[in-house]
Amino acid sequence: MTETTTPGRPAPDSGPAPSPDLADTTAPILVVALSEPFDLVANFKEDQDPRVTLVRPDEVEDPGAVTCAIAWRPAADAFDPYPNIKMVSSIAAGVDSIMDCPSLPSGVTVTRIRDEEQARMMAGFAAWHVLHHHRRMGDYLDNQKAARWDRSYRAPMASEVTVGLLGFGLMGQHTARALVAMGYRVLAASRSGNAALDGVEILSGPGAVAAVAARADYLVNLLPLTDETRDILDAALFATMPAGAVLIQLGRGEHLVEPDLLAALDRGHLAAASLDVFRDEPLPADSPFWAHPRVVVTPHKASDTTRSEILRQVAENYAALIAGETPPGAVDRDAGY
Ligand code: GLV
């Protein structure tokens with residue numbers, strides 16, 4: 001896509017950039033890709049959508065003609081050149097790196113990807129980790145290496161095991177459904193308390209996270225990262241969890257106070273943890289998590305959306321915005337997700 005030229009207007013000689021004409025809904029949407037660590041244009045080059053023309057900032061001839069962006073960990077000043085931006089879409093379910101960007105203009109609509117398929121993938125990932133720890137699959141893998149046939153472990157029945165979910169959005173609901181189908185007792189902390197699901201006990205309100213953690217043999221974190229949830233997985237929360245509980249951390253690295261988890265594991269209060277997200281990604285080679293015997297590390301791969309689905313949702317959210325509707329993927333900027 002590097003050869004793409006910007007179908008923008010000539011830059012004005014002086015004065016503020018004129019607002020582009022948004023009435024032409026047939027023209028491809030000029031979308032600038034804003035990410036400090038990644039070249040999103042290169043990432044998306046196999047997955048074009050005829051409704052979207054994706055460009056890098058250095059390919060934009062007229063910043064005033066840009067009304068839409070996709071972003072993932074944008075630079076602090078990433079939005080400064082674009083006075084007419086109307087919508088910014090995350091390329092993922094999370095919008096934290098966009099919300100935290102100091103140059104994000106206050107009136108811009110922020111959207112995120114809401115993908116049932118991605119949520120089902122997350123559900124499978126979470127269920128796999130619950131099973132892995134509950135059924136001690138790691139021991140069987142070790143035993144296989146030693147040609148050891150050991151049937152001695154008797155796992156509790158799923159109906160005797162409580163899985164607590166932190167977060168009950170699309171991902172949480174799909175994960176709850178999968179776990180209920182497998183026979184687990186499922187509790188969920190939901191900020192709004194609006195959703196209901198058969199077989200799931202939902203707790204909401206200020207004490208919900210702690211109340212779920214206090215009863216969870218397996219605690220699965222699927223919360224969005226906001227000012228309210230940053231550092232929520234800390235020593236105080238771990239102390240309320242039942243002895244021998246397991247943390248399955250699939251939210252954002254900044255939810256977890258990493259030294260507090262190491263301390264809870266090392267004193268034996270928590271039995272194990274599965275970690276897919278980290279404060280520092282890629283996880284540095286000297287992180288104690290890599291070699292920890294009771295930690296499973298995966299490289300932020302719990303769930304993915306296809307690139308064509310991302311571009312499809314960007315086009316649809318933008319079309320809704322231009323039509324004067326609330327885009328289906330719009331986030332609540334006050335809530336932060
Ligand atoms: C991945 O981390 C996402 O936000 O979807």
Side-chain angles (χ1 to χ4, degrees), residues 31 33-40 43-44 47 69-74 78 87-101 104 109-129 165-176 178 190-191 220-233 247-256 258 273-283 287 289 296-314 316-317 327-333 335-337:
V31 179
L34 304 175
S35 174
E36 200 163 37
F38 301 118
D39 180 351
L40 298 181
N43 284 354
F44 280 87
D47 303 89
I70 59 170
W72 180 254
R73 292 164 63 189
M87 186 186 108
V88 182
S89 173
S90 173
I91 58 159
V95 291
D96 42 286
S97 73
I98 298 172
M99 297 303 222
D100 289 347
C101 182
L104 178 72
T109 298
V110 178
T111 59
R112 66 188 195 83
I113 304 304
R114 279 180 61 81
D115 179 6
E116 301 276 343
E117 189 115 66
Q118 181 187 20
R120 282 193 283 272
M121 214 171 165
M122 177 62 91
F125 196 85
W128 188 93
H129 283 278
L165 302 179
L166 303 183
F168 202 56
L170 195 62
M171 306 265 188
Q173 290 170 33
H174 276 280
T175 302
S190 157
R191 184 170 177 271
V220 181
N221 177 41
L222 294 165
L223 288 167
L225 180 66
T226 65
D227 289 343
E228 243 175 88
T229 65
R230 194 177 306 273
D231 296 332
I232 202 162
L233 305 174
L247 174 70
I248 298 171
Q249 152 65 331
L250 311 178
R252 278 286 183 270
E254 292 84 350
H255 286 134
L256 174 63
E258 294 182 353
S274 288
L275 307 176
D276 185 55
V277 287
F278 302 88
R279 285 188 183 250
D280 208 0
E281 294 182 6
L283 184 64
S287 165
F289 290 133
V296 179
V297 169
T298 49
H300 201 144
K301 285 303 287 181
S303 71
D304 269 330
T305 309
T306 61
R307 290 176 178 138
S308 51
E309 179 63 15
I310 295 168
L311 294 182
R312 190 187 72 71
Q313 292 197 19
V314 170
E316 287 186 1
N317 281 317
V331 305
D332 172 348
R333 287 201 53 178
Y337 67 98

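When a residue number appears, it is its place in the shown sequence, counting from 1. Just follow the structure's listing: the first ligand is 1, and inside any ligand the first atom is 1. Heavy atoms only: backbone and side chains are in, while hydrogens, waters and symmetry mates are out.
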Shortest protein contact, [atom] (heavy atom only):
atom	answer
atom 5 (O) of ligand 1	A93 N, 2.8 Å
atom 3 (C) of ligand 1	A92 CB, 3.3 Å
atom 2 (O) of ligand 1	H300 NE2, 2.6 Å

Self-check item: Aromatic ring pairing F289/F278, orientation class (parallel under 30°, perpendicular over 60°, tilted between)
Solution: tilted
Quiz item: Roughly how far, to the nearest 0.5 Å, is CZ of F125 from CD1 of I248?
Solution: 9.5 Å
Quiz item: Going by the atom numbers of ligand 1, which of them fall below 4.0 Å from some non-hydrogen atom of Q118?
Solution: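 Near Q118, meaning under 4.0 Å from one of its heavy atoms, ligand 1 has 5 (O).
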Exercise. Could you establish whether R112 and ligand 1 come within less than 4.0 Å of each other, counting only heavy atoms on the residue side?
Key: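 Outside the 4.0 Å threshold, so no.
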Quiz item: Is any NZ, NE, NH1 or NH2 atom of the basic residue among D231 and R279 found under 4.0 Å from an Asp or Glu carboxylate oxygen of the other?
Solution: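 So D231 pairs with R279 through a salt bridge.
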Quiz item: In a check of side-chain hydrogen bond (donor to acceptor under 3.5 Å, both in side chains) between H174 and each of E116, Q118, R120, which one passes?
Solution: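 The option that passes is E116.
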Exercise. Find out whether L104 and R333 are in side-chain contact, i.e. whether some heavy atom of one side chain is under 4.5 Å from a heavy atom of the other.
Key: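 Heavy-atom side-chain distance check passes, below 4.5 Å.
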